[in-house]
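Below is one structure; the comments refer to it alone.
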Amino acid sequence: MFTSITQIRVRYGETDQMGYLYYGNYALYYEVGRAEAIRELGFTYRQLEEQGIIMPVAEMNVKYLRPAFYDDLITVKTSLRELRADHKIQFHSELFNEKGELLNVGVTTLVFLHTDTKQKSLLPLPLREKLEPFFNK
């Protein structure tokens, strides 16, 4: 399993009238966690795109447990629990407040596509090579 930790402070503009982190912004927090996880592996989304691979979101499942509020420091735990052999990758996200309380969980499934043809692609070999040590223990 590969896990990455990122922290994000809830900004005022991300909250709703009740002062809660707006429910639609959780997807943005998941994206920050994914991008930073890939960066920890020595890659960026930009590099993957330059290699001719894009990663659109195919599915996202979210469960809201507790609210996050303006100015809370949120810890985003992003995990890859399996290294798939097909064209999909699933990022598991868990968001915690400063007290360590679990606020939200989600799973985002992305697919690898060739930029030019939009046809399915396997996990790019350089990224697979970076991930394999976390799954071959």
Side-chain angles (χ1 to χ4, degrees):
M1 183 165 78
F2 171 74
T3 300
S4 173
I5 303 293
T6 303
Q7 291 191 310
I8 305 170
R9 188 164 302 276
V10 178
R11 294 168 291 271
Y12 183 78
E14 296 171 333
T15 62
D16 61 19
Q17 188 175 4
M18 299 174 288
Y20 287 26
L21 175 60
Y22 178 67
Y23 78 94
N25 286 329
Y26 285 84
L28 295 173
Y29 284 31
Y30 294 171
E31 182 180 5
V32 170
R34 287 193 311 271
E36 292 305 315
I38 290 172
R39 188 179 304 279
E40 282 184 32
L41 292 168
F43 284 88
T44 65
Y45 273 104
R46 179 182 302 246
Q47 289 171 314
L48 289 171
E49 290 173 352
E50 289 170 354
Q51 294 175 13
I53 299 295
I54 56 175
M55 297 171 57
V57 172
E59 183 178 345
M60 185 172 68
N61 296 294
V62 181
K63 186 171 183 181
Y64 303 92
L65 305 170
R66 293 180 180 84
F69 300 98
Y70 167 64
D71 207 38
D72 282 355
L73 184 61
I74 304 301
T75 298
V76 180
K77 179 180 175 185
T78 305
S79 301
L80 291 170
R81 297 181 181 172
E82 63 179 339
L83 188 57
R84 297 173 61 131
D86 63 5
H87 64 283
K88 295 181 181 180
I89 189 167
Q90 284 191 322
F91 291 89
H92 296 260
S93 301
E94 297 173 298
L95 278 62
F96 298 88
N97 63 17
E98 292 171 272
K99 296 176 189 174
E101 297 171 320
L102 182 61
L103 306 177
N104 179 282
V105 295
V107 179
T108 308
T109 304
L110 291 86
V111 295
F112 296 103
L113 299 179
H114 293 283
T115 304
D116 52 354
T117 64
K118 307 300 187 271
Q119 297 299 308
K120 296 174 186 174
S121 171
L122 297 179
L123 174 68
L125 186 58
L127 184 53
R128 175 173 285 287
E129 289 172 346
K130 292 282 189 175
L131 285 168
E132 282 178 342
F134 296 97
F135 295 92
N136 293 330
K137 292 183 180 182

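The structure displayed is predicted, hence computed values, not measured ones. One is the number of the first residue; the rest follow in order along the sequence.
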Problem - Residue Tyr20 excluded, over 12 heavy atoms near OH under 6.0 Å - result: no

Practice task
Please round to the nearest 0.5 Å and tell me the distance separating atom CD of Glu50 and atom OG1 of Thr115.
Solution key: 10.5 Å

Exercise for the section: Please round to the nearest 0.5 Å and tell me the distance separating atom CZ of Arg39 and atom OG1 of Thr44. Expected result: 6.0 Å

Handout entry: Co-membership, hydrophobic cluster, residues Phe96 and Leu65, 4.5 Å side-chain
Key = yes

Handout entry: Spatial distance of atom CD1 (Ile38) from atom CG (Leu131) [nearest 0.5 Å]
Key = 8.5 Å

Exercise for the section: Go through the steps for Asn104 and Tyr30 under the test side-chain contact (heavy atoms from CB on, under 4.5 Å), then give the verdict. Expected result: CA-CA 10 Å; Asn104 179 282; Tyr30 294 171; 2.4 Å; yes

Handout entry: Cluster link Met60 to Val105, ILVMFWY, side chain under 4.5 Å
Key = no

Exercise for the section: For residues Thr78 and Glu36, determine if any side-chain heavy atom of one lies less than 4.5 Å from a side-chain heavy atom of the other. Expected result: no

Practice task
Answer yes or no: is there a side-chain heavy-atom contact under 4.5 Å between Ile89 and Leu80?
Solution key: yes

Practice task
Answer with yes or no whether the side chains of Asn136 and Glu132 bring together a donor and an acceptor at under 3.5 Å.
Solution key: no

Problem - His114 versus Ser121, closest heavy-atom pair with distance - result: NE2-CB, 3.6 Å

Problem - Lys/Arg N to Asp/Glu carboxylate O, Asp86 vs Lys88, below 4.0 Å - result: no

Handout entry: Sub-4.5 Å side-chain heavy-atom contact between Tyr26 and Ile74
Key = no

Problem - Exercise: identify the closest heavy-atom pair between Ala35 and Tyr45 - result: CA-CE1, 3.7 Å

Practice task
Report the C-alpha distance between Leu110 and Arg34 in whole Å, list the side-chain angles of each, state the deciding distance to 0.1 Å, and finish with yes or no for side-chain contact (heavy atoms from CB on, under 4.5 Å).
Solution key: CA-CA 11 Å; Leu110 291 86; Arg34 287 193 311 271; 3.7 Å; yes

Exercise for the section: Please examine the side chains of Val57 and Phe91, heavy atoms only from C-beta on, and report whether any two atoms are closer than 4.5 Å. Expected result: no

Practice task
Report, as yes or no, whether the 6.0 Å neighbourhood of atom NZ on Lys118 holds more than 12 heavy atoms from other residues, nucleotides or ligands.
Solution key: yes

Practice task
Go through the steps to decide whether Phe69 and Val10 satisfy the test side-chain contact (heavy atoms from CB on, under 4.5 Å), and finish with yes or no.
Solution key: CA-CA 7 Å; Phe69 300 98; Val10 178; over 6 Å; no

Handout entry: Val111 with Leu48, same ILVMFWY side-chain cluster at under 4.5 Å
Key = no

Handout entry: Student check: side-chain heavy atoms of Ser93 and Tyr29 closer than 4.5 Å
Key = no

Exercise for the section: Determine the minimum heavy-atom distance between Ala85 and Arg128, stating which atoms define it. Expected result: CA-NH2, 3.6 Å

Practice task
Measure the spacing between CG of Leu103 and CD of Glu94 and express it to the nearest 0.5 Å.
Solution key: 11.0 Å

Exercise for the section: Take Leu113 and Lys120 through the test side-chain contact (heavy atoms from CB on, under 4.5 Å) and record every step on the way to the result. Expected result: CA-CA 4 Å; Leu113 299 179; Lys120 296 174 186 174; 4.2 Å; yes

Practice task
Answer with yes or no whether the hydrophobic clustering places Leu127 together with Phe135; edges join I, L, V, M, F, W, Y residues whose side-chain heavy atoms lie under 4.5 Å apart.
Solution key: yes

Exercise for the section: Determine whether more than 12 heavy atoms belonging to other residues, nucleotides or ligands lie under 6.0 Å from atom CZ of Arg46. Expected result: no

Problem - Distance in Å, Thr15 OG1 paired with Asn25 CG, rounded so as to fall on 0.5 Å steps - result: 9.0 Å

Fill in the blank from the handout: Between Gly33 and Val76, the two heavy atoms sitting closest are CA-CG1, 4.1 Å

Exercise for the section: Could you tell me whether the side chain of Pro126 reaches within less than 4.5 Å of the side chain of Gln51, counting heavy atoms only? Expected result: yes

Handout entry: Approximate separation, where rounding is to 0.5 Å, of His92 NE2 and Lys77 NZ
Key = 11.5 Å

Problem - Val107 reachable from Tyr64 in the ILVMFWY side-chain graph, under 4.5 Å edges - result: no

Exercise for the section: Using a 4.5 Å cut-off on heavy atoms from C-beta on, say whether the side chain of Leu123 contacts that of Leu83. Expected result: yes

